[in-house]
There are 2 protein chains.
Amino acid sequence: MKSATLMQVAERAGVSTATVARVLKAKGYVSEEARARVEAAVKAIGYRPNAMARGLRQRRSFTIGHMLDAIIVNPFFVNVAHWAEEEALDHGYKTFLFNHNGLAERERIGIERFIERRVDAVLFTNAVSTENVRLLAAAGIPALQLERSRTPAAPAIRVDNTVGALQAMAHLAGLGHRRIAFIGGDPELIGRGDTAGPTVEDERLAAYGAGLAAAGLAFDPALLRLGKYYSLSESGSGSEGYRHTRALLALPERPSAIFATCDILAAGALQAIYEAGLRVPDDISVIGFDDTLAANLTPQLTTVAQPMEELGRIGFRAVLSAIETGTWPDQPLLPSRLVQRRSTGPAPT
Amino acid sequence: MKSATLMQVAERAGVSTATVARVLKAKGYVSEEARARVEAAVKAIGYRPNAMARGLRQRRSFTIGHMLDAIIVNPFFVNVAHWAEEEALDHGYKTFLFNHNGLAERERIGIERFIERRVDAVLFTNAVSTENVRLLAAAGIPALQLERSRTPAAPAIRVDNTVGALQAMAHLAGLGHRRIAFIGGDPELIGRGDTAGPTVEDERLAAYGAGLAAAGLAFDPALLRLGKYYSLSESGSGSEGYRHTRALLALPERPSAIFATCDILAAGALQAIYEAGLRVPDDISVIGFDDTLAANLTPQLTTVAQPMEELGRIGFRAVLSAIETGTWPDQPLLPSRLVQRRSTGPAPT
DNA sequence: TTGTATGCGTTATCAG
DNA sequence: CTGATAACGCATACAA
């Protein structure tokens, strides 16, 4: 038994479809009596508006597309997608997800799907190719980047990586650490994109340097390990962090603290340290970034939290504004912040 | 600039809309010449079919709903959702996600949204209320449960929990463990649902007992810890496992191995053990369930893997069959299996 | 306060 | 092989 139509409701209530529409949308004048009859009819036959018909007529699908990097490898993406969806729900919207896994070709396919579905806007967490993003502009669909800007072809709500990273460094320095290693994304490897200015990786790396300087610590290139966050093909997604940490522990003078710019990297670091028979934080402290895996790791990880809920919610509200008014609200720089748990402690003496 | 319409393509190609439709759907006779002209026009104006119009006309949205428990707390759900989506993509479908967080009321709202969107079918991972699921039947929408059956109101593709759990127990027993603890979901607390027969929790618990018996080990009630998998309100989602493990370690004669029926529980167990200054697997072995967090934990967790990709893919194909032919294919019982990593080792002597 | 009529962009059914 | 034309279910401009 397929759902009833508005016309059937009208018939049953003995009014016109226009009247039914008026009570359903709660706009326009309707007599109390007609309203009651319509409501009774709606209930009686279990009427539910057909979103496709509505969308076709209104030229609005009440749907947005959310382009993600790789939802099953990094929980960061799940989280922002979740909160964007939650906010969307509050506004009568639904979101479509699509994972490009870092591949421009996949991203293109996803965007084409979004266009066919006539999404009212799309969120990128994150974008891959400027050319692809322009496809949306060409179709008249607003697009917004979340967390990082990879292309000038769409506005972005970015995160202030510096503030949290600086807190992390100050925390470590305050604990007496003098040899602090850094495991992070290589600005060149991660993909700088087409946006001018420092990338997320540049910022985190710069904050490491600034944190060192602020604490009066010298920079030691041996303590700097740059690479990818994870490789999609490898199981044990923390393997990059694991490898870097093994190298760090093999140093003649090993670090007493490691600042990893991703919880996944930190997870691998924790494994390497454990395997070496060292204890966290007694022998070595570890800080991560994102606050995704953190609370599940052993020991619970001190990490720089990203504002995932704000990113999702504010991001959705921003595109909603673009949809409804054609204008973008101010794009705030959302702060990251240090969350202390149990993986950091005083430097060993 | 909004996307062009089929009619505009027709005009530009100098043919009727019917002809355009024929070349687009690759069915019906079209002369080579007409086809070429249409294809050129499509390319020229960047035409993309409007899925809403198509859906309205065909009474099919090429969309399915996927009802999930709580995507941000348990990666298990992300994974099956991801693979179902992936399979859907291969068949021209998109999925809508909705998290009910274990609440029947939320589930009802989600289902209503799905109905309004006119999804062609819905997947439950997992269902909460029979009454809600019946809403779909009333609307003529096929529904399928994945991983576990909570209601007789829809068919289910379930997982064979026994096989993997038995492997886990045999693995532990083979390693010489004689005091094996069990931390699992309480069959009563988790929600038995309305389906007759043993629940997932019953099965895992039974396998524990059977594994003990097979190894000639006595059952010790002190080693049995039943509760919830996690509480949604608590950060550090492994806290349930942490608490149970603390209790276990405080026993006069503590276990040398713990079998936790969820990686999240195992993550908490690992934290408690670490905090107690014990080493895994030297002092105590741990096995989890699901294979979600496993590879990221310290040490990498031996766990009973659930067939998440198969669940998603086979699940989608099953509903597709229901949509297209009105019949359900055979529902296989998908096997779980032990994945050995580094958290299990010989029992200490 | 209410009803009529039209069109949103497709697909499908007919004739031709 | 091709072209009119009529729905699909709803929203809205316009009349009444």
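Owing to the predicted nature of the structure, the values given are computational and were not obtained by experimental measurement. Every chain is numbered from 1 and lettered A, B, ... according to where its sequence line falls, protein lines coming before strand lines.
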Distance in angstrom units between B:Leu24 CG and C:dT10 P, rounded: 9 Å
Student check: side-chain heavy atoms of B:Asn74 and B:Asp69 closer than 4.5 Å: no
Whole-Å gap separating C1' (C:dT2) and CZ (A:Arg35): 13 Å
Selection residues 98-124 of chain B - residue pairs positive for ring-ring contact (aromatic ring centres under 6.0 Å, His included), sequence neighbours left out: none
Whole-Å gap separating P (C:dC8) and CZ (B:Arg54): 19 Å
A:Arg59 side chain near C:dC8 phosphate (N/O to OP1/OP2, under 4.0 Å): no
Parallel, tilted or perpendicular, as decided by the 30° and 60° cut-offs, for the rings of A:Phe316 and A:Tyr93: perpendicular
DNA chain D: 5'-proximal contact among B:Glu32 and B:Arg57 (nearest heavy atom): B:Glu32
Most 5' of B:Met52 and B:Arg22 on DNA chain C, judged by nearest nucleotide: B:Met52
Distance-only donor-acceptor test, B:Arg48 side-chain atoms vs C:dG9 base atoms, 3.5 Å: no
Note: B:Arg35-B:Glu32 ion pair, threshold 4.0 Å (strictly below): yes
Euclidean distance, atom CD of residue B:Glu11 to atom P of C:dG9 [Å, nearest integer]: 12 Å
Protein-nucleotide distance (B:Met7, atom CE; C:dG9, atom C1'), rounded to Å: 7 Å
Short side-chain N/O contact from A:Ser16 to OP1 or OP2 of C:dG3, under 4.0 Å: yes
Any A:Val122 side-chain heavy atom under 4.5 Å of A:Ile111 side chain: no
Taking distance alone, no hydrogens or angles, what donor-acceptor pairs closer than 3.5 Å link side-chain atoms of residues 40-53 of chain B to residues at least two apart or in another chain?
unit_1	atom_1	unit_2	atom_2	d
B:Arg48	NH2	A:Glu112	OE2	3.4
B:Asn50	OD1	B:Met52	N	2.7
B:Asn50	OD1	B:Ala53	N	3.2

Flag if over 12 foreign heavy atoms under 6.0 Å of CD, B:Glu324: yes
Candidate nucleotides C:dG9, C:dT6, C:dT1, ranked by approach to the side chain of A:Tyr29 - the nearest: C:dT1
C:dT2 phosphate, OP1 or OP2, under 4.0 Å from A:Ser31 side-chain N/O: yes
Interatomic distance, A:Leu6 CG vs C:dA5 C1' [rounded to whole Å]: 15 Å
Sugar-phosphate, base or nothing in reach of A:Leu56, heavy atoms under 4.0 Å: base
Contact interval (first through last nucleotide) of DNA chain D with protein chain A, 4.0 Å heavy-atom: D:dG9 to D:dT12
Whole-Å distance separating the CZ atom of B:Arg60 from the C1' atom of C:dT10: 15 Å
